Peer 1: 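Before we start, here is the structure in question, set down as structure tokens.
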Number of protein chains: 2
Amino acid sequence: MPEAVSRPTLEAVAARAGVSRATVSRVVNGGDGVREPLAERVRRAVEELGYVPNQAARSLVTRRHDAVAVVIAEPESRVFADPFFALQLRGISKELTAHDNQLVLLLTEGRPDHARVARYLAGGHVDGALVFSLHLDDPLPGLIRDAGVPTVFGGRPHWSEDTRDARPGRAGEGADRGVVYVDCDNRGGAHTAVRHLVDLGRRRVAHIAGALDQTSAVDRLDGYRDVMADVLGESDPRLVVESDFTPAGGERAMRELLDRCPDIDAVFAANDLTALGALRVLRESGRRVPEDVAVVGFDDMVPVAEQTEPPLTTVRQDIEEMGRLMARLLLRGLSEGRDGEHPAAGAQGAPGRGVILPTSLIRRASA
Amino acid sequence: MPEAVSRPTLEAVAARAGVSRATVSRVVNGGDGVREPLAERVRRAVEELGYVPNQAARSLVTRRHDAVAVVIAEPESRVFADPFFALQLRGISKELTAHDNQLVLLLTEGRPDHARVARYLAGGHVDGALVFSLHLDDPLPGLIRDAGVPTVFGGRPHWSEDTRDARPGRAGEGADRGVVYVDCDNRGGAHTAVRHLVDLGRRRVAHIAGALDQTSAVDRLDGYRDVMADVLGESDPRLVVESDFTPAGGERAMRELLDRCPDIDAVFAANDLTALGALRVLRESGRRVPEDVAVVGFDDMVPVAEQTEPPLTTVRQDIEEMGRLMARLLLRGLSEGRDGEHPAAGAQGAPGRGVILPTSLIRRASA
DNA sequence: TTGAAAGCGCTAACAT
DNA sequence: ATGTTAGCGCTTTCAA
């Protein structure tokens, strides 16, 4: 297989078309200000020579890269293993592609990688970054902020000071104004799920929470509490167990719950995987689902939710759309930054801090 | 948040260190041929200024990008949705990172994207490509070949003319010599799985094949046939059904199989998801697993395989390692291409055509 | 061992 | 509307 041979340059195209480099450049970049017959000649020359612009040369002068970094921290964690990220990436990819941007994927595992990523971003290799921050104590988001790269976060960062972070004493504390992020309505979705259980007549509704160092877990817990407080005046703290978003964790939590309160008549699990574990323990314990205990999950990971026994009622979020939206927000911010507007605002401009996507309840057999 | 401010240049570092640009360049790139005291001064200046080389400028002259494209065709398909790709990406990412290369992710959906990807690769934006080709009729691999970019394939391409493609009349036909690819030992893994079932005393062993336009499905089928022919002299064609790697497909196939041959005493499913569907139908039909029918899957997608009832015996492949290996092969080919050697060989050099990773049987309860 | 200088291929002022 | 020209920041001969 041949090495990449030297590609034709602008110069070559210009020679072939009998025009100057500037003219070719104009045609190649949108071509306004060039009379049609000439433009056509140039286009033909481009075609004949198979000319493709050298991006490096172009970036050198424009200081743009038409490339965006996607940073995913700790791919070991559950998140990367489930279809979640695949879908999100797909959404991001579609949007970037539609705007002729490339996707540079940065996966990190641990500290040394953080520095590497920060350096890369600070190095101005990409025009912006889409960052998935997962854990409360993750230093990466901070580093990235410091790198001064326009950024949109996936999932509410813990320092977002958003009002939906209902925990007193946290909101606003050390927070940044103007952080742009996209998330699904975790709290609202949880609300819907628990409401559904309550509407079914259930009163002893337990919650298996996710890892509470992730905002999604916290928000879902808050949504659960909203309803419980609303309906029952107060929620029995014994009905909540923290878990870790995994099936094994779900099993452990369910056992603990059953141990504490054998009279549970419903469970809202922080995600579908957790629900999977819970279902198994419920079955082992001789309880029928949904007759004895109704179960609702979160995520609607279809391959999982449809295959459980019974099929899982769960809260769906449009994951691909989240990805697409993140990319759109970033690109919009970038182009605004370029077009003057609020040059200093970059991606963190007008659109406001966070965009929350709606969720919906998918009813199957488990509740 | 500030826009990316103008970063310090080589020039600035040179001025600060009181040396020429050339000297700084030397130090930054490995620094041989520069006396220690000077080199040290340069390093300090780099440090103080927070200098990061401008990759565009560098690429412009070196014609290298230290970037590799990962092309994944049809992310709609099952492949992208399951943890498979996430793991593979992780392996690739680790290896690339270790060699200071960036990962440019190219996801495609359909024809228009093919052209786009081909153009991108031909445009010389990256040094090489890692390509996942899935389907027999996928034009992408061919386009990529024509683009003249050093490439390593993930999974045996259908035109690999490898000897493990046992189907007569196919081998060699229109094939390329020297295609580099990495795959797991699909045929051997299938062999092991079926052998295991036979060793358990099963004789009516059925196979639910994957989509036979993918080489992995074909190779697994071949492995199954190897053993059946070996043990029973010949395999009953009614024991094989083609499916599609999905749980729903597995259900359909299992029904069909049960219909044709109610006396089946074992099933080898093309992957774990298929096995999942098969298990459900088996249970519905009143058969016990493994007592009445033993079941073996393929992939060892842990979250699935451990959660089935009963837990699934399956063939494991080291997916992350496959990714890592692909990247390693490509980078090696690239550096050989650069260092002279067989400049024309590029990534398709000495290492030979395909690298096949071993598989292993993970025994759980289903067989 | 170090420095000076010539581009890499492109865009964007500025001329015409 | 088109051409001329001056770099973008870097590596890499070539000279010293």
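In what follows, chains are A, B, ... by sequence order, proteins preceding strands, each numbered from 1. Every heavy atom of this structure was used, including side-chain atoms; hydrogens, water molecules and symmetry mates were not. All values reported here derive from a predicted model rather than from experimental measurement.
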Peer 1: How close or far is atom P of dT1(C) from atom CZ of Arg41(B), stated in whole angstroms?
Peer 2: 16 Å

Peer 1: For the pair Glu47(A) and Arg44(A), find out whether any cationic side-chain nitrogen is under 4.0 Å from an anionic carboxylate oxygen.
Peer 2: no

Peer 1: Whether Ser20(B) contacts dA4(C) is assessed here as follows: a side-chain N or O lying under 4.0 Å from the phosphate OP1 or OP2. Is that the case?
Peer 2: no

Peer 1: With rounding to the nearest 0.5 angstrom, report the CG to CG distance, Leu130(B) to Leu106(B).
Peer 2: 11.5 Å

Peer 1: Taking Arg90(B) as the fixed residue, which of Glu95(B), Glu320(B), Glu321(B) is the one that meets the salt bridge (Lys or Arg N to Asp or Glu O under 4.0 Å) rule?
Peer 2: Glu320(B)

Peer 1: Between Asn54(B) and Arg63(A), is any side-chain donor less than 3.5 angstrom from a side-chain acceptor?
Peer 2: no

Peer 1: Polar atom pairs between nucleotides 7-11 of chain D and protein, under 3.5 Å, N or O only, would you list them?
Peer 2:
| residue | atom | partner | partner atom | Å |
| --- | --- | --- | --- | --- |
| dC8(D) | O3' | Arg63(A) | NH2 | 2.9 |
| dG9(D) | OP1 | Arg63(A) | NH2 | 2.3 |
| dG9(D) | N2 | Ala57(B) | O | 3.3 |
| dC10(D) | OP1 | Tyr51(B) | OH | 2.4 |
| dC10(D) | OP1 | Asn54(B) | N | 3.3 |
| dC10(D) | OP2 | Leu10(B) | N | 2.3 |
| dC10(D) | N4 | Arg21(B) | NH2 | 2.2 |
| dT11(D) | OP1 | Asn29(B) | OD1 | 3.3 |
| dT11(D) | OP1 | Asn29(B) | ND2 | 3.0 |
| dT11(D) | OP1 | Arg58(B) | NE | 2.8 |
| dT11(D) | OP1 | Arg58(B) | NH2 | 3.3 |
| dT11(D) | OP2 | Ser25(B) | OG | 2.7 |
| dT11(D) | O4 | Arg21(B) | NH2 | 3.4 |

Peer 1: Side chains of Asn29(A) and Arg58(A): do they bring a donor and an acceptor to under 3.5 Å?
Peer 2: yes

Peer 1: Please report, rounded to the nearest Å, how far the C1' atom of dT2(C) is from the CG atom of Asp32(B).
Peer 2: 14 Å

